[in-house]
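Read the structure below first, then the notes.
Below, chain A is the first sequence line, B the second, and so on; all start at residue 1. Just the heavy atoms: all of them, side chains too, but no hydrogens, waters or symmetry mates, feed the values below.
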Amino acid sequence: MDENALILEAKQGDLDAFNRLVLAYQDMVYAQAYRMINEPEAAEDATQDAFISAYRNLRSYRGGSFKAWLLRIVTNACYDELRRRKRRPTAPLEPLDQDDEEIESPRWLADPDGSPEDDIERAELAEALQNCLQGLSPEFRAVVILVDMQGMDYQEASQAAGAALGTIKSRLARARQKMRDCLQGFRELLPANFRLVEEDDE
Amino acid sequence: MNGKVTRRDYETLSAYLDGVLKTKDRTRLEKRLQSDQLLKQELEALKRTRMVLRSQPRLRAPRNFTLTAQMAGVRSPVRSSMSAVPALRLVSVLATVFLVLVIVGDLIGSSKPPQTIVASDLPQPAAASMPGFGMGGGGGASSEPAVASADSMEGSEEQPAAAAAMKAMPEPNSYGTDATLETEPSIAAEENSDEAALSANGGTQNGGIGVVDETSIQTKAPHQTVWPLIRVIQALLALIAAGTGLLALILWRKSTR
């Protein structure tokens, strides 16, 4: 896929070209929204809104990392959603099983290639991480997701978060420190090598 | 040195893990790590936290988020042309209604008898001035050539207007009187020059004696000049009605495919 060519065509109003970009980036954009909001339905809405907004504002894209530009749009959409929730708190919607019971570890997060035990452990760790992420302020959360979970470098993260490079460095360090403190409470869920080192430290 | 790990130390450790420290800062930190156990432990803890975060599988989107034309706010060409259909239909209907009105009005107008200049058209004073003449003989049905009194004709000035006015009289000249001639200028003013010229050359005139040619008088010229204009209007309205109606039908069929 020639990304620049697709962007150029999309800028000229080619919706099919834009939809090819959507298919290429939808997992990453959705992941950012889900990690930020921690609710599948709201994350879907934020993702869809972000792509609609991206298409309508494509002319404002002036080059650079398209991925970062997209992530900035979805991150801003998540900030808006979180602010809205703060004003009007609602109970989070958890996926339900066949008996209408809330699924603590959503199965759709599971890796289809792993064993059932691995799936459970992975799902529980994912949930623990999500809990710890929700303990961070949205700005810190956005940066740690961008760098440590989306694999962006500082420059891209700076562009995606709309913050200066020094701010990114500072927020990332604070966020990692808080995540480390939070994960101490989920030690039994952590991978074996992580536990061994933790135990050695004690 | 084993001291407290400051916030700035955490920033340096975090940047060191990501490999973004400047060479000078990295060398200084590595030297410090060799002697500062607490700092080294913090570095290890940060490294493990980062590893856990990075070990998370990438989430997959639960569905496709591709945009439809509606979502993107793009109007398809057919859809945009569809908005013109109601307007086209309205124009077609209005043109048809006007066409019908014009045709009906035209039919009503043409069913009326051709306008004639009869005694009643004359100014009242003139009609009143000859009470004994022409009563019941309207239309000048008399086929007899009306002979004007030679004396009276000679005694009057021969003006073109007067001659035309004389012809305009249904059957006046047989009884040409001074009273009649006095009214002629006002009547003559109503006659067009063509008619006057036609009368001047009229074969029914004999020796300056005014003879009334009924057909030339009865058929009014303005009626002939109005016809083409009405036809043009009718044709235009018919074209507009048919054209817009057809266009609306084509667009509607395209949209329903």
Side-chain angles (χ1 to χ4, degrees), chain A residues 13 15-16 18-20 22-23 25-32 34-35 40 43-44 47-48 50-52 55-56 108-111 122 125-126 129 133 144-145 147-151 153-154 165-166 169-170 172-177 179-184 190-191 193-194 197-198 200-201, chain B residues 2 4-22 25-26 29 32-33 36-80:
Chain A
L15 188 57
D16 289 337
F18 184 78
N19 278 335
R20 288 179 68 185
V22 171
L23 292 173
Y25 287 112
Q26 62 182 6
D27 287 347
M28 181 198 68
V29 172
Y30 174 77
Q32 182 76 14
Y34 177 76
R35 302 274 189 217
E44 282 186 43
T47 304
Q48 191 69 77
F51 280 123
I52 291 169
Y55 182 76
R56 290 180 181 168
W108 54 268
L109 284 172
D111 182 354
R122 203 173 285 116
L125 177 60
L129 270 174
L133 280 173
V144 81
I145 294 168
V147 176
D148 282 337
M149 304 182 96
Q150 301 277 19
D153 59 33
Y154 283 31
L165 212 60
K169 258 185 182 177
S170 162
L172 183 62
R174 293 281 303 280
R176 281 172 172 168
Q177 190 185 347
M179 286 298 287
R180 187 206 65 171
D181 294 343
C182 179
L183 285 171
Q184 297 282 352
L190 298 174
N193 55 346
F194 189 98
V197 179
E198 287 286 313
D200 289 346
D201 288 347
Chain B
N2 289 325
K4 191 183 171 187
V5 180
T6 63
R7 196 171 140 183
R8 185 162 181 81
D9 289 335
Y10 272 111
E11 277 183 33
T12 310
L13 290 173
S14 178
Y16 175 73
L17 281 177
D18 294 326
V20 294
L21 268 188
K22 288 175 185 170
D25 294 333
R26 193 178 66 231
L29 179 67
R32 207 179 137 196
L33 282 169
D36 194 333
Q37 283 302 307
L38 185 60
L39 195 66
K40 197 173 178 182
Q41 283 176 13
E42 289 301 332
L43 177 66
E44 289 302 313
L46 273 182
K47 198 184 283 182
R48 289 190 296 273
T49 305
R50 183 169 166 268
M51 183 196 73
V52 170
L53 286 167
R54 294 193 170 197
S55 68
Q56 288 301 294
R58 283 185 176 270
L59 294 181
R60 288 191 297 271
R63 64 176 174 86
N64 280 341
F65 291 96
T66 49
L67 305 189
T68 61
Q70 194 182 1
M71 283 176 183
V74 178
R75 295 174 72 192
S76 68
V78 174
R79 284 272 168 211
S80 60

Task: Rounded distance (nearest 0.5 Å) linking atom CZ of B:R63 with atom CD of A:E44 - done: 5.0 Å
Open item on the list: How long is the straight-line distance from CD of B:Q56 back to CD1 of A:I145, given to the nearest 0.5 Å?
Closed with: 11.5 Å
- [ ] Under 4.5 Å heavy-atom distance to chain A, tell me which part of B:R8 shows up: side chain, backbone, both or neither.
- [x] neither
Task: Interface moiety of A:V147 toward chain B, non-hydrogen atoms closer than 4.5 Å - done: both
TODO: Among the options A:R56, A:K169, A:M28, pick out the one with the most heavy-atom pairs lying under 4.5 Å from chain B.
DONE: A:R56
Open item on the list: If I measure from the heavy atoms of chain B, does A:F51 come under 4.5 Å with its side chain, its backbone, both, or neither?
Closed with: both
Task: Between CZ on residue B:F65 and CD on residue A:Q26, distance to nearest 0.5 Å - done: 6.5 Å
Task: Approximate separation, where rounding is to 0.5 Å, of A:R176 CZ and B:L17 CG - done: 6.0 Å
- [ ] Let me see the working for A:R174 and B:R7 under side chain to side chain contact (heavy atoms under 4.5 Å, CB included), right down to the final yes or no.
- [x] CA-CA 8 Å; A:R174 293 281 303 280; B:R7 196 171 140 183; 3.1 Å; yes
TODO: Give the minimum heavy-atom separation between A:Q177 and B:L46, together with the two atoms involved.
DONE: N-CD2, 4.0 Å
TODO: Evaluate the side chain to side chain contact (heavy atoms under 4.5 Å, CB included) criterion for residues A:R20 and B:T66: first the C-alpha distance (whole Å), next the side-chain angles of each, then the deciding distance (0.1 Å), finally the verdict.
DONE: CA-CA 8 Å; A:R20 288 179 68 185; B:T66 49; over 6 Å; no
Task: Among the listed options A:A173, A:A43, A:A50, the residue most often paired with chain B at heavy-atom distances under 4.5 Å - done: A:A173
TODO: Tell me, for A:I52 versus chain B, whether the close heavy atoms (under 4.5 Å) come from the side chain, the backbone, both or neither.
DONE: both
TODO: Test B:L59 against A:R35 for side chain to side chain contact (heavy atoms under 4.5 Å, CB included), laying out the working first.
DONE: CA-CA 9 Å; B:L59 294 181; A:R35 302 274 189 217; 4.0 Å; yes
Task: From CA spacing to verdict: side chain to side chain contact (heavy atoms under 4.5 Å, CB included), A:D27, B:R58 - done: CA-CA 8 Å; A:D27 287 347; B:R58 283 185 176 270; over 6 Å; no
- [ ] Considering only NZ, NE, NH1 and NH2 on the basic side and carboxylate oxygens on the acidic side, decide whether A:D148 and B:R54 come within less than 4.0 Å.
- [x] yes
Task: Pairwise distance OH(A:Y154) to CG(B:D18) - rounded to 0.5 angstrom - done: 3.5 Å
Open item on the list: Rounded at 0.5 Å granularity, tell me how far OG1 in B:T49 sits from CE in A:M179.
Closed with: 8.0 Å
